[in-house]
Protein chains: 2
Amino acid sequence: MGNKELRISPSVIRRLPVYLRLVQELKELSIATISSQEMGDRLDLNPAQIRKDLASFGEFGRKGVGYNVAYLDWKLRQILNLDRQINVALIGAGHLGIALSNYARFQSERIKITAVFDRDPQKIGQKVGSLTVADAQDLPLYRQKYNLQMGIIAVPASAAQEVCDELVAAGIKVILNFAPANLRIPKGVHLRNTDVTTELQALAYYLENE
Amino acid sequence: MGNKELRISPSVIRRLPVYLRLVQELKELSIATISSQEMGDRLDLNPAQIRKDLASFGEFGRKGVGYNVAYLDWKLRQILNLDRQINVALIGAGHLGIALSNYARFQSERIKITAVFDRDPQKIGQKVGSLTVADAQDLPLYRQKYNLQMGIIAVPASAAQEVCDELVAAGIKVILNFAPANLRIPKGVHLRNTDVTTELQALAYYLENE
DNA sequence: TAGATTGTTAATCGATTAACAATC
DNA sequence: TAGATTGTTAATCGATTAACAATC
């Protein structure tokens, strides 16, 4: 691509996969064209926001007509780097790790968990789907060999910072963390946290308190 | 509690569990008092934001001193309704569901997965940890019997809307959805989506594109 | 007391939404 | 063409941060 346009805000980026998902549904319904109005209706978003989000990546709607679904699909994948395979390192072969490797595999073919690591000698050598659990120490080796570009941390909170540091040291700059821990990362690394406990605790606020 | 204070914004609510997590760590370190400055350092947040967040729930810092860790712990739990047991219905006994029931159980004792449901006759009757998978049809029954207050949707996207409707029909108003689907909910229901695929796709944007 | 830190107001920053000219 | 819908500017709304008086 080359010129990364004027720093797009994370809020915008996080909506793009949602648009992409809708586009898949539209394709299945053989809908060829869609307006921001209709997209907004389906996603419960403001149409102006959708237009603005998309327009940050160039003009690709047709005035009076709307967006071409096939092109939108192509464009969104291009923006999100989903036009090529992305190799993911999964660290942690516990219940969560195994579920993730199953789950993620199904969903999106271009993002592939290519290697699974653990530190527990009991787990190293075991099979997780078609992958063999490797020693977390060998991360840098695998990093190169398999061109690992993303990391998923699925270890207990107590080990998360160490694993994170190892990922960064191995040159992985994009990390999804499932451990309930406040991880420290250097500049230039992208970290996203997603933790069930935190989500549930926040949701608990909305319970009717009798 | 009674008077829910002047509508607190979701951004504030979502930070509270993070504060709570820090407070647990402080307790383990036998730290009795902490300033917003120190909290901000540890969490990489602006101290003013932390003070403002906490102040929305009353004055409980001491000027010139900071916050009492034990009281902060108590107060945060009270705000988040974590001062009593919360019974959670888990719908979907696949890999993800099983991982969640294992995972969540560990983390936080007051939020308990109390019942697991599925629609697949193969799965109904099977054990998930100490729980027996029930028929999703019987949700309303269990809802009453076990005072289920929250729902977790861990079914495939194709079934998610139906399950969501069933949860709502059974009177469950707080839902955490793991399926990659844009669910429709009526007013008064709180839904939070957390979907690995969406997260990974958004993160993919930040890969260096060579 | 003097130093530290809260609670809160005001200032800033960023994100969402409304409005509309351009144009398909 | 007339109606529809984009792309974009301006207006609004909300969230974050700075600053500081109050006070422990």
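We use all heavy atoms of the structure for the numbers below, so side chains are in, but hydrogens, waters and symmetry mates are not.
Minimum interatomic distance between Ile172(A) and Ala89(A) (heavy atoms only, all atoms of both residues): CD1-CB, 4.3 Å.
Atom CZ of Phe60(A) and atom P of dT23(C) are 19 Å apart (whole Å). Summarising the geometry, the separation between CG on Asp44(B) and P on dT17(D) is reported as 11 Å, rounded to the nearest angstrom. Look at CG on Asp53(B): it is 14 Å from C1' on dT8(C), rounded to the nearest Å. The nearest whole Å value for the distance from the NZ atom in Lys63(A) to the C1' atom in dT23(C) is 6 Å. Distance Leu54(B) CG to dT6(C) C1': 11 Å, rounded to the nearest Å. Atom pair Ile50(B):CD1 and dT6(C):P shows a separation of 9 Å (rounding to whole Å applied). Following rounding to the nearest Å, Asn46(B) (CG) and dT17(D) (C1') show an atom-to-atom distance of 5 Å.
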* Asked: Which dot-bracket string fits DNA chain C when only Watson-Crick or G-U wobble pairs with both atom distances under 3.5 Å count, crossing pairs get [ ], and | stands for a partner on a different strand?
  -> ..||||||||||||||||||||||
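Ring geometry, Tyr67(B) versus Phe60(B): the interplanar angle exceeds 60°, so the pair is classed perpendicular (tilted spans 30 to 60°). Between His190(B) and Tyr206(A), the ring-plane angle classifies as parallel under the 30° and 60° cut-offs.
Taking 4.0 angstrom as the limit, Tyr67(A) places a side-chain polar atom (N or O) nearer than this to OP1 or OP2 of dG7(D).
Listed nucleotides dT17(C), dT6(D), dC20(D) differ in distance to Lys52(A); the shortest reach to its side chain belongs to dT17(C). In the set dC24(D), dT8(D), dT17(D), the nucleotide with an atom closest to the side chain of Glu59(A) is dT8(D). Comparing dA18(D), dT16(C), dA15(D) by their closest approach to the side chain of Gln49(A) singles out dT16(C).
Residues from residues 13-42 of chain B placing a heavy atom under 4.0 Å of any atom in DNA chain C, listed by number, are Ser35(B), Ser36(B).
Side-chain contact of Gln49(B) with Asp53(B): a donor-acceptor pair under 3.5 Å is absent, judged by distance alone. A side-chain N or O of Arg21(A) and one of Asn182(B) form a donor-acceptor pair less than 3.5 Å apart.
Side-chain atoms of Thr198(A) do not come within 3.5 Å of backbone N or O of Thr194(A) as any donor-acceptor pair.
Atom CZ of Arg84(B) sits about 14.0 Å away from atom CZ of Arg77(B), to the nearest 0.5 Å.
Using a 4.0 Å heavy-atom distance criterion, Arg51(A) is classed as a base contact.
Between Arg143(B) and Glu166(B) no salt bridge is recorded (no basic side-chain N to carboxylate O distance below 4.0 Å). Checked for salt-bridge contact, Asp44(B) and Arg184(A) meet the test: a charged N lies under 4.0 Å from a carboxylate O.
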